[in-house]
Engineer: 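I have a structure I would like to understand better, so I am pasting it below and will then ask my questions one at a time.
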Amino acid sequence: MAYPMQLGFQDATSPIMEELLHFHDHTLMIVFLISSLVLYIISLMLTTKLTHTSTMDAQEVETIWTILPAIILILIALPSLRILYMMDEINNPSLTVKTMGHQWYWSYEYTDYEDLSFDSYMIPTSELKPGELRLLEVDNRVVLPMEMTIRVLVSSEDVLHSWAVPSLGLKTDAIPGRLNQTTLMSTRPGLYYGQ
């Protein structure tokens with residue numbers, strides 16, 4: 001759960017979210033290094049009166065500033081593609097949960113069991129108990145096992161919705177007439193809020 005004045009992501013609860021956090025740190029370091037280099041070069045150009053004209057026309061400089069960005073893009077793209085394929089991979093799910101978005105609530109169905117479905121409504125602000133979170137508390141929570149691969153099928157009955165649990169690294173669009181699927185696996189027990 002996020003806390004007030006938090007600057008980073010929520011704590012990772014799934015292997016996918018851990019990978020996303022590592023990728024974020026990796027990319028942020030590259031951006032930080034590039035920004036520092038550009039700031040240094042700009043400050044040098046503004047403070048130095050001397051210009052070496054033969055280096056500005058050199059073939060070597062053009063080769064470097066063409067190849068170096070390509071290498072940097074590859075350093076960003078390869079981990080990104082790896083995570084994308086990991087997120088799309090489904091390895092023998094132990095449980096399937098069908099999630100249907102409605103205009104003011106979500107319907108959940110455990111499809112591996114007969115007749116196990118329920119609706120989940122947001123608790124109105126006037127009915128919240130002390131300590132409960134506004135716009136996050138629901139009357140029926142989804143209970144899922146820990147350390148098991150779970151497939152979540154997401155769709156909608158009426159309009160576009162978004163089913164998201166940030167600490168698990170999940171965000172899937174619920175589109176009417178289309179069945180999207182995602183996989184989750186929680187590595188530790190807890191209460192995880194989503195929207």
Side-chain angles (χ1 to χ4, degrees), residues 1-39 64-101 106 108-112 120 133 135-136 138 141-156 160-195:
M1 181 68 204
Y3 53 86
M5 304 296 288
Q6 179 177 347
L7 294 177
F9 290 104
Q10 295 180 19
D11 292 336
T13 308
S14 69
I16 296 293
M17 190 60 190
E18 288 176 8
E19 291 291 329
L20 288 170
L21 287 175
H22 290 306
F23 176 68
H24 172 265
D25 295 343
H26 168 75
T27 309
L28 196 63
M29 188 55 65
I30 291 173
V31 168
F32 177 73
L33 291 173
I34 291 171
S35 300
S36 300
L37 179 67
V38 169
L39 185 65
I64 290 171
W65 73 43
T66 302
I67 292 175
L68 195 62
I71 292 171
I72 292 171
L73 287 175
I74 289 171
L75 287 175
I76 294 172
L78 290 179
S80 172
L81 287 173
R82 187 176 138 269
I83 294 172
L84 276 175
Y85 282 112
M86 281 176 57
M87 291 173 77
D88 200 34
E89 190 175 292
I90 297 179
N91 295 327
N92 300 327
S94 303
L95 179 68
T96 301
V97 178
K98 187 172 101 179
T99 305
M100 293 295 289
W106 289 94
Y108 296 98
E109 179 183 341
Y110 293 86
T111 59
D112 298 328
S120 181
L133 301 168
L135 300 178
L136 291 176
V138 293
R141 293 179 175 150
V142 177
V143 179
L144 298 173
M146 184 182 84
E147 294 183 355
M148 292 177 74
T149 306
I150 300 163
R151 175 177 46 203
V152 182
L153 303 173
V154 182
S155 188
S156 174
L160 295 175
H161 298 282
S162 178
W163 192 83
V165 183
S167 60
L168 291 171
L170 295 175
K171 184 188 172 301
T172 305
D173 292 327
I175 303 169
R178 180 179 173 146
L179 195 62
N180 290 330
Q181 76 176 2
T182 187
T183 310
L184 66 93
M185 184 176 79
S186 176
T187 55
R188 54 191 168 135
L191 178 61
Y192 306 111
Y193 290 99
Q195 293 183 338

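Residue numbers run from 1 in the order of the sequence given.
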Engineer: Looking at every non-hydrogen atom in both residues, tell me the closest pair between Met148 and Ser94 and how far apart they are.
Structural biologist: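 That closest heavy-atom pairing would be CE-CB, 3.2 Å.
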
Engineer: State the CH2-CG distance between Trp163 and Asn180, to the nearest 0.5 angstrom.
Structural biologist: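 Output value for this atom pair is 12.0 Å.
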
Engineer: Of all residues at least two apart in sequence or in a different chain, which pass the side-chain contact (heavy atoms from CB on, under 4.5 Å) check with Ser167?
Structural biologist: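 For Ser167, the residues satisfying side-chain contact (heavy atoms from CB on, under 4.5 Å) (neighbours in sequence not counted) are Gln10, Thr13, Val165, Tyr192.
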
Engineer: Could you tell me the separation between the CD atom of Glu147 and the OG1 atom of Thr187, rounded to the nearest 0.5 Å?
Structural biologist: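 Glu147 CD to Thr187 OG1: 7.0 Å, rounded to 0.5 Å.
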
Engineer: With a 3.5 Å distance limit and no angle check, can you tell me whether Arg188 reaches the backbone of Ala12 through a side-chain donor-acceptor pair?
Structural biologist: yes

Engineer: Would you give the length of the straight line joining atom CD1 of Ile90 to atom CG of Asn92, rounded to the nearest 0.5 angstrom?
Structural biologist: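 Spacing of CD1 (Ile90) from CG (Asn92) equals 10.5 Å.
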
Engineer: For Met17 and Pro166, which heavy atoms make the closest approach, and how far apart are they?
Structural biologist: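 Closest heavy-atom pair between Met17 and Pro166: SD-O, 3.5 Å.
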
Engineer: Answer whether the closest heavy-atom distance between the side chains of Ile34 and Ile72 falls below 4.5 Å.
Structural biologist: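 SC-SC contact between Ile34 and Ile72 confirmed.
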
Engineer: Report the residues that fulfil salt bridge (Lys or Arg N to Asp or Glu O under 4.0 Å) with Glu109, sequence neighbours left out, ordered by chain and then residue number.
Structural biologist: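 Glu109 satisfies salt bridge (Lys or Arg N to Asp or Glu O under 4.0 Å) with Lys98 once adjacent residues are dropped.
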
Engineer: Return the minimal non-hydrogen interatomic distance between Gly194 and Leu136, and the atom names on each side.
Structural biologist: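 For Gly194 and Leu136, the tightest heavy-atom pair comes out as O-CD2, 3.8 Å.
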
Engineer: Using the test ring-ring contact (aromatic ring centres under 6.0 Å, His included), find all partners of Tyr193 that sit at least two apart in sequence or belong to another chain.
Structural biologist: none

Engineer: Not counting sequence neighbours, which residues clear side-chain contact (heavy atoms from CB on, under 4.5 Å) with Leu95? List them please.
Structural biologist: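 In terms of side-chain contact (heavy atoms from CB on, under 4.5 Å), with neighbours along the sequence ignored, Leu95 is linked to Val97, Tyr110, Asp112, Tyr113, Leu144, Pro145, Ile150.
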
Engineer: Between atom CE of Met100 and atom OG of Ser156, what is the distance when rounded to the nearest 0.5 Å?
Structural biologist: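 The CE atom of Met100 sits 6.5 Å away from the OG atom of Ser156.
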
Engineer: Within the 4.5 Å heavy-atom criterion, are Val142 and Trp106 side-chain neighbours or not?
Structural biologist: no

Engineer: Could you tell me the separation between the CG atom of Leu20 and the CG atom of Leu168, rounded to the nearest 0.5 Å?
Structural biologist: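 Taking CG in Leu20 and CG in Leu168, the distance rounds to 11.5 Å.
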
Engineer: Assess whether side-chain contact (heavy atoms from CB on, under 4.5 Å) is satisfied between Val152 and Thr183, documenting all intermediate values.
Structural biologist: CA-CA 6 Å; Val152 182; Thr183 310; over 6 Å; no

Engineer: How close do Ala174 and Ser155 get, counting heavy atoms only, and between which atoms?
Structural biologist: CB-O, 3.4 Å

Engineer: What is the minimum heavy-atom distance between Gln195 and Leu135, and which atoms define it?
Structural biologist: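 Residues Gln195 and Leu135, closest heavy atoms: NE2-O, 4.4 Å.
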
Engineer: Which heavy-atom pair separates Met185 from Ser14 by the least distance, and what is that distance?
Structural biologist: O-CB, 3.1 Å

Engineer: Can you name the side-chain contact (heavy atoms from CB on, under 4.5 Å) partners of His24, sequence neighbours left out?
Structural biologist: Phe9, Leu28

Engineer: Evaluate the side-chain proximity of Glu18 to Leu21: yes if any heavy-atom separation is below 4.5 Å, no if none is.
Structural biologist: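 Of all side-chain heavy-atom pairs linking Glu18 with Leu21, none is under 4.5 Å.
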
Engineer: For residues 74-85, run the donor-acceptor check on the side chains, cut-off 3.5 Å, and write out each pair with its distance to 0.1 Å, sequence neighbours left out.
Structural biologist:
from	atom 1	to	atom 2	distance (Å)
Arg82	NH1	Glu19	OE1	3.2
Arg82	NH2	Glu19	OE1	3.1

Engineer: For Asp25, look at atom CG and say whether over 12 heavy atoms of other residues, nucleotides or ligands are found less than 6.0 Å away.
Structural biologist: yes

Engineer: CD1 of Ile30 to CG of Leu73: how many Å apart, nearest 0.5 Å?
Structural biologist: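 Those atoms lie 9.0 Å apart.
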
Engineer: Atom CG of residue position Leu191 - does it have more than 12 heavy atoms of other residues, nucleotides or ligands inside 6.0 Å?
Structural biologist: yes

